[in-house]
Amino acid sequence: MAAELTVPQLSAKHRPTLDQALSAIRSRAYWSPHPEHPKAYGETAPADGLAAFEALRGTRIDLGQPGTDGWTGAEKSPYGPELGVEYPHVDPDVLLPAMKAGMAAWRDAGPEARALVCIEILARISARTHEFAHAVMHTSGQAFMMAFQAGGPHAQDRGLEAVAYAYEEQTRVPGQADWSKPQGKKDPLELGKTFTAVPRGIALMIGCNTFPTWNGYPGLFASLATGNPVLVKPHPRAVLPLALTVQVAREVLAEAGFDPNLVALAVERPGEGIAKDLAVRPEIKLIDYTGSTEFGDWLEANARQAQVYTEKAGVNTVVLDSTDNYKGMLANLAFSLSLYSGQMCTTPQNLLIPRDGIATDAGHKSYDEVVADLAASVGGLLGDDARANALLGALVNPDVKTRLEAAAGLGEVALASREVTNPDFPDAVVRTPVMVKLDAAKPDPEAPFLSECFGPVSFAVAVDSTADALDLLRRTVREKGAMTVGAYTTSPDTERALEEVCLEESAQLSLNLTGGVYVNQTAAFSDFHGSGGNPAANAALCDGAFVSNRFRVVEVRRQA
């Protein structure tokens, strides 16, 4: 097929971005090519983006995929409205062979061309960030500003980060080499060698409900940039953002002279559950999944023909030992507990507080005082309904609401949840967090704080001492996993002990955050999301290990 986009054109446009991304992953310094302020996209962008989103409602997104055998779609916004968008339902027996047909040309294009095409896809998505933000908002329940930033530039950053790692790993080995081995008085042995990064096969990306783009883009772009076709299977409640992504990717691939079927969409009918069927097909060689531990464990155990990358559930913990900024600590934790109604895999759940209290710059604070002050801080932060709606968003599904309501019966309630009305979306289910007091000294193998309670639920757990807090931290990370660990201490010895636990148990640690950076946020190109070293996830977003096993290097030797 004729290419409207040539590699030289793409190189002139995007090679500087690729080089900056490569520099950023090496330096770990702050960098982002994607603006996170809505006004950066032009004066008319907000209205244009909303209009584009509204124009999608009640329509059919026809991607022109092979194997389309019907249409499906049943998304309802957590804010209330039905989206009414229909998507192609596919016959994998037809689609998967069609996806493989373009692999050879995509492989032969080489790492740089693939990276440049991927960056063009991201650039076009970036230009439509306002439209994507509404799509993310109305499938995940995120408030608009969070959907704009996390679902837009931050997700695009994570995709670009994966492209940079993919390029770096594939180019560690030269494309060719002349080999000459001296043989003393005889002529040397001489060979010409070529080395090609060869893709594993079709990749299956299984999307999540809460962060369809942020969690989806790393695996999608890591696989595509390493030469693998990608089949995108969205969560049935969050199809639209990933359907738009697939649409853009197919357009760019076609314009660049590649088979658009290198990226395709698989949407399930209500209750169909196609992920299990697709995951064990022999054509599927890579799987990326974000979601429940139960299904993640099933994939790891049953999709034996594939390399499986999972981000599952964990019990995120904050240890409170001491602080020299009590007010800042409370404000930082209050925001962390409230953001997106705690519906983040990085939100703190267990707050481990010595029962004798902690030392602070405001004097000694007892366990009860710390809990009461934190509850008051959350209450103050969310006291105004307009601000509460902007921070909380909406509960993503009824299961979260059920867990929230049940949590109040698990112990003494330190902070009761309240209902918040959203005047723009009266059908939205908006709730403030609940905080429950529990005691680690009461032996109970089924203690609530030993399992994840996903949603706006936190447990203020009384422990005998900081040493006991560290023991409980180690246990929960080792047995249940953790995406994040936070801690507050003014003691160098305690700080070193915390670091040692997290180093030994492979958990990402944030110390003494009191400003505008929060434990449940990570920055692409600098922070690692998960570690791959504890049960919460078997991979990190993003590092060399996340991309290097998506391809193999095949060598051809020729007699010189």
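Keep in mind it's a predicted model, so treat the numbers as computed, not measured.
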Given side chain to side chain contact (heavy atoms under 4.5 Å, CB included), test Glu311 with Cys345 step by step and report yes or no. CA-CA 9 Å; Glu311 182 195 312; Cys345 62; 2.8 Å; yes

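- Remark: Arg475 does not engage Asp471 in a salt bridge, criterion side-chain N to carboxylate O under 4.0 Å.
- Within the 3.5 Å criterion, the main-chain N or O of Leu240 finds a donor-acceptor partner in the side chain of Glu75.
- Counting only distance, with no hydrogens or angles, the side chain of Tyr30 and the backbone of Ala24 share no donor-acceptor pair below 3.5 Å.
- From Thr139, atom OG1 reaches atom NE2 of His134 across 12.5 Å, with rounding to the nearest 0.5 Å.
- A donor and an acceptor atom, one from each side chain of Thr484 and Thr346, are nowhere located under 3.5 Å apart.
- Thr317 has its side chain out of reach of Phe449: every pair of non-hydrogen atoms, C-beta onward, lies at least 4.5 Å apart.
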Residue pair Ser458, Gln349: steps toward the side chain to side chain contact (heavy atoms under 4.5 Å, CB included) verdict: CA-CA 5 Å; Ser458 61; Gln349 174 181 298; 5.6 Å; no

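- Judged by distance alone, the side chains of Asp468 and Ser465 do bring a donor and an acceptor atom under 3.5 Å apart.
- Of the possible donor and acceptor atoms, none in the side chain of Ser23 sits under 3.5 Å from a partner among the backbone N and O of Asp19.
- Distance alone, capped at 3.5 Å, is enough to place a donor-acceptor pair between the Thr245 side chain and the Pro241 backbone.
- Aromatic pair His130/Phe53: ring centres not closer than 6.0 Å.
- Residues Phe295 and Ile206 have side chains in contact (heavy-atom distance under 4.5 Å, counting atoms from C-beta outward).
- Under the salt bridge (Lys or Arg N to Asp or Glu O under 4.0 Å) criterion, Glu505 pairs with Arg474, Arg478, sequence neighbours left out.
- Looking at Ser531, its side chain does come within 3.5 Å of a backbone N or O of Ser506 through a donor-acceptor pair.
- In this structure, the salt bridge (Lys or Arg N to Asp or Glu O under 4.0 Å) partners of Asp493, at least two apart in sequence or on a different chain, are Arg496.
- Classification of the His138-Phe425 ring pair by plane angle, with boundaries at 30° and 60°, yields perpendicular.
- Using a 4.5 Å heavy-atom cutoff, the side chains of Leu415 and Leu374 are not in contact.
- Ring-centre distance between Tyr79 and Phe144: not below the 6.0 Å cut-off.
- Panel note: side chain Asn350, backbone Val315; no donor-acceptor pair is recorded below 3.5 Å.
- Side chain to side chain, Asp527 and Thr522 fail the donor-acceptor criterion of an N or O pair below 3.5 Å.
- Between Tyr518 and Phe335, the ring-plane angle classifies as parallel under the 30° and 60° cut-offs.
- A side-chain N or O of Thr310 and one of Glu300 form a donor-acceptor pair less than 3.5 Å apart.
- Using a 4.5 Å heavy-atom cutoff, the side chains of Leu122 and Pro33 are not in contact.
- With respect to Lys13 and Glu120, a salt bridge is recorded, a charged nitrogen being found less than 4.0 Å from a carboxylate O.
- Side chain of Thr402 to backbone of Pro398: a donor-acceptor contact under 3.5 angstrom is found.
- Here the straight-line distance linking atom OH of Tyr488 with atom CG of Asp324 works out to 11.5 Å at 0.5 Å rounding.
- Salt bridge annotation for Arg26-Glu168: present, with a cationic side-chain nitrogen under 4.0 angstrom from a carboxylate oxygen.
- Under a cutoff of 6.0 Å and an axis angle of 45°, Arg550 and Phe546 form a cation-pi pair.
- Considering OG of Ser338 and CG of Leu391, their distance stands at 6.5 Å, rounded to 0.5 Å.
- Look at Lys365 and Asp356 and you find no salt bridge, because none of the NZ, NE, NH1 or NH2 atoms lies under 4.0 Å from a carboxylate O.
- Side-chain contact of Thr44 with Asp48: a donor-acceptor pair under 3.5 Å is present, judged by distance alone.
- In this structure, the side chain of Asp361 engages the main chain of Tyr326 through a donor-acceptor pair within 3.5 Å.
- Figure legend: cation-pi geometry between Arg28 and Phe528, with NZ or CZ positioned under 6.0 Å from the six-membered ring centre and within 45° of its axis.
- In this structure, Phe148 has its ring center closer than 6.0 angstrom to the ring center of Tyr41.
- Rounding to the nearest 0.5 angstrom, the gap separating the OH atom in Tyr309 from the CG atom in Asn538 is 8.5 Å.
- If you take CD on Gln142 and CD on Gln149, they are separated by 10.5 Å, rounding to the nearest 0.5 Å.
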Apply side chain to side chain contact (heavy atoms under 4.5 Å, CB included) to Met483 and Thr347, showing your working. CA-CA 9 Å; Met483 296 299 294; Thr347 300; over 6 Å; no

Test side chain to side chain contact (heavy atoms under 4.5 Å, CB included) on Thr17 and Leu160 and set out the steps. CA-CA 9 Å; Thr17 300; Leu160 179 56; 3.9 Å; yes

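- A donor-acceptor pair shorter than 3.5 Å can be found between the side chains of Gln156 and Thr129.
- Of the possible polar contacts, none joining the Ser377 side chain to the Ala334 backbone as a donor-acceptor pair under 3.5 Å is found.
- Comment: Lys437 engages Asp368 in a salt bridge, judged by a side-chain N to carboxylate O separation of less than 4.0 angstrom.
- Between the side chains of Thr466 and Asp321, a donor-acceptor pair is found at a separation under 3.5 Å.
- A distance-only check finds a donor-acceptor pair linking the side chain of Arg387 to the backbone of Leu381 [under 3.5 Å].
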